[in-house]
Amino acid sequence: MIKVCKFGGTSMADGNTIRRVAEILRADPARRYVVVSAPGKRFGGDVKVTDLLYAAHTELERTGACGESFRKACERFRSIVSELGLAFEIEELLAETEREIERERSVDFTASRGEYLAARIMAAFLEIPFIDARDVVKFRADGSLDGERTFTLTANALRGKRYAVVSGFYGEGADGKVRTFSRGGSDVSGAIVARAAGADLYENWTDVSGFLAADPRIVDDPERITALSYKELRELSYMGANVLHSDSIFPVREAEIPVLIKNTFRPEDEGTYILPTSKYHFTGKTVTGIAGKQNFTVIHIEKSLMNAEVGFAHRVLGVLLEHNISFEHMPSGIDTMSFVIDSECLKNGVLESLCEDIRKTVRPDGFRVFDDIALIAVVGHGMSRNVGTSAKLFNAIAKAGVNVRMIDQGSSELNIIVGVDNDQYSRTLRAAYEAFFLE
Ligand code: ADP
Ligand code: ASP
Ligand code: MG
């Protein structure tokens, strides 16, 4: 039996939490390979090491040298080493890291050092080998993960090692430079190691007792989901339930390795299993979970007989391609078509030039743009079995006095997505949760 364990930022926050991690690992000899994140927040208002490092890069660009933020990050590692009472050459390692950051001058390299240093310290504390993700996790020139190469290199590095610590969040690009995943990417690193180790289980240790049916920062004490399928996880985490990175599923999917979300601070709690869709048993619940994200822009196009005009959608999509913009959803009707796009991608004049090009290309009868839109996704395999799910959802939203700006129901019947104004986001999420979980 092999288990791969990933510990997130709060589990790595200070000497005390790292001692808990060590206890968890010692409690089960099957927990052989460990992936760690950079130290996270120790208390409300604290700053994650990764955020300090992003700030350090901005300072580096401005002044040409590591400044205050880098010093603060160093301080975090110094206190961890001293709290653990570890004989470890931390000063040397920090000085070398500073030199490398100033030489590399790359945002990804700087950000990756949180995981690198955390993993070095963890390996020393546990007295087991350290594997640098740079040597085993490889990206292609287009930035995508080179899965085959990565799994082979990682498996080779693990071979012959009974235990090891691997740094999360980063790898090496085709240009030989360090490259990170998107934020929260140590979850993906953990999944890669699980796949390469041929693990029976990927344990993802965090600061909540499992995947909850809604964001606990918005809904008061939401219920825990006992099990969800890979597909449901994709929908929920992509739509904002960031307890597990949505890309974590790809490395484990083919090998059908289950993922178990556990709480480092309450290891006795059961947690949540994320299972291959084929092994997932219907729980009887209509809705498995609810998630959401703010700050989208909806571009709405109207043209009579749009449906009959061959190639209409193709031309609109061509304009998006020219602007290198991807969209999240595309709800459509007979004479209407909308695109939901992350507002972040439309900043600095991009929206204006995109709209102008769409107008020129397809000459619509009507054209509207709504911004400050939040999306709420209601997800569950059970929705295809039960009638009346959308009626229930829209009733609840109407009762809460919220105006729905957009609706998209995926053809898989796995989700319903509603768009509302940003300032109605929390209210809508709570109303949806109450409708399906507090009936
Ligand atoms: P880690 O640093 O361990 O990777 P994260 O901060 O990335 O932890 O993820 C855990 C956090 O995700 C929780 O503390 C919680 O606030 C947030 N979260 C958002 N949605 C959910 C959800 N549906 N279930 C559980 N946690 C959620
Ligand atoms: N430390 C990185 C972040 O804050 C990666 C992670 O936590 O998974 O995004
Ligand atoms: Mg995380």
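Below, each value reflects all heavy atoms present in this structure, side chains not excepted, and no hydrogens, waters or symmetry copies. Ligands are counted one by one from 1 in listed order, and the atoms in each one are counted from 1 as well. In this text the structure is predicted, and so the values were computed from the model without any measurement.
- For ligand 2, the polar-atom distance check finds no N/O of Ala38 at less than 3.5 Å from any of the ligand's N/O atoms.
- Using a 4.0 Å cut-off to heavy atoms of Gly210, the atoms of ligand 1 that qualify are 25 (C).
- Side-chain contact between Asp14 and Glu83: present, with at least one pair of heavy atoms (C-beta onward) separated by less than 4.5 Å.
- More than 12 heavy atoms of other residues, nucleotides or ligands sit less than 6.0 Å from atom CG of Asp175.
- Among protein heavy atoms, the minimum distance from atom 1 (P) of ligand 1 is reached at Thr206 OG1, 3.6 Å.
- For Tyr116 and Phe130, the ring centers are positioned less than 6.0 Å apart.
- We find that Lys293 and Asp215 are not joined by a salt bridge, their nearest charged nitrogen and carboxylate oxygen being 4.0 Å or further apart.
- Numbered from 1 in the order shown, with element, the atoms of ligand 1 that lie under 4.0 Å from a heavy atom of Ala241 read 20 (N), 23 (N).
- Heavy atoms of Gly9 come nearer than 4.0 angstrom to ligand 2 in no pair at all.
- There is no protein heavy atom closer than 4.0 angstrom to atom 6 (O) of ligand 1.
- Close contacts of ligand 2 with Arg183, meaning ligand atoms under 4.0 Å from a residue heavy atom, involve 3 (C), 4 (O), 9 (O).
- When each atom of ligand 2 is checked for a heavy atom of Lys48 under 4.0 Å away, the hits are 4 (O).
- Listed by number with element, the atoms of ligand 1 under 4.0 Å from a non-hydrogen atom of Lys6 are 4 (O).
- Using a 4.0 angstrom heavy-atom cutoff, His245 does not count as in contact with ligand 2.
- Residue Tyr273 places its OH atom among 12 or fewer non-hydrogen atoms of other residues, nucleotides or ligands, all under 6.0 Å distant.
- Below 3.5 Å of separation, one finds no N or O of Lys6 facing any N or O of ligand 2.
- Taking the charged nitrogens against the carboxylate oxygens, Arg78 and Glu91 do have a contact shorter than 4.0 Å, which makes a salt bridge.
- Comparing Asp207, Leu212, Val243 against atom 13 (C) of ligand 1, the shortest heavy-atom distance belongs to Asp207.
- Every atom of ligand 1 is numbered from 1 in the order shown, and the set under 4.0 Å from a heavy atom of Gly9 is 1 (P), 2 (O), 3 (O).
- Of the protein's non-hydrogen atoms, Pro216 CD, 3.6 Å is the one closest to atom 21 (C) of ligand 1.
- Those atoms of ligand 1 with a heavy atom of Asn242 less than 4.0 angstrom away are 7 (O), 9 (O), 12 (O), 17 (C), 18 (N), 19 (C).
- The aromatic rings of His300 and Phe370 are tilted relative to each other, their planes meeting at an angle between 30° and 60°.
- The shortest contact between atom 2 (C) of ligand 2 and any protein heavy atom is with Glu115 OE2, 3.4 Å.
- Comment: Glu98 engages Arg71 in a salt bridge, judged by a side-chain N to carboxylate O separation of less than 4.0 angstrom.
- Checked by atom type, the side-chain pair Asn422/Asn295 shows a donor-acceptor distance below 3.5 Å.
- Contacts between Val208 and ligand 1 below 4.0 angstrom, taking non-hydrogen atoms only, involve the side chain exclusively.
- Taking atom 16 (O) of ligand 1 as the reference point, the nearest protein heavy-atom neighbour is Arg217 NE, 3.5 Å.
- The closest approach between a heavy atom of Gly8 and any atom of ligand 2 is not below 4.0 Å.
- Defined by atom type and a distance below 3.5 Å, a donor-acceptor pair is missing between the side-chain atoms of Thr277 and His381.
- Looking at Ala214 against ligand 1, only its backbone comes within 4.0 Å, counting heavy atoms.
- Between the side chains of Asn156 and Arg159, at least one donor N or O lies within less than 3.5 Å of an accepting N or O.
- Contacts with ligand 2 closer than 4.0 Å are made by heavy atoms of both the backbone and the side chain of Ser186.
- Classification of Asp46 and Arg76 as a salt-bridged pair holds, one side-chain N sitting under 4.0 Å from a carboxylate O.
- For atom 7 (O) of ligand 2, the nearest non-hydrogen atom of the protein is Ser37 OG, 3.5 Å.
- Using a 4.0 Å cut-off between charged nitrogen and carboxylate oxygen, Glu223 and Lys285 count as a salt-bridge pair.
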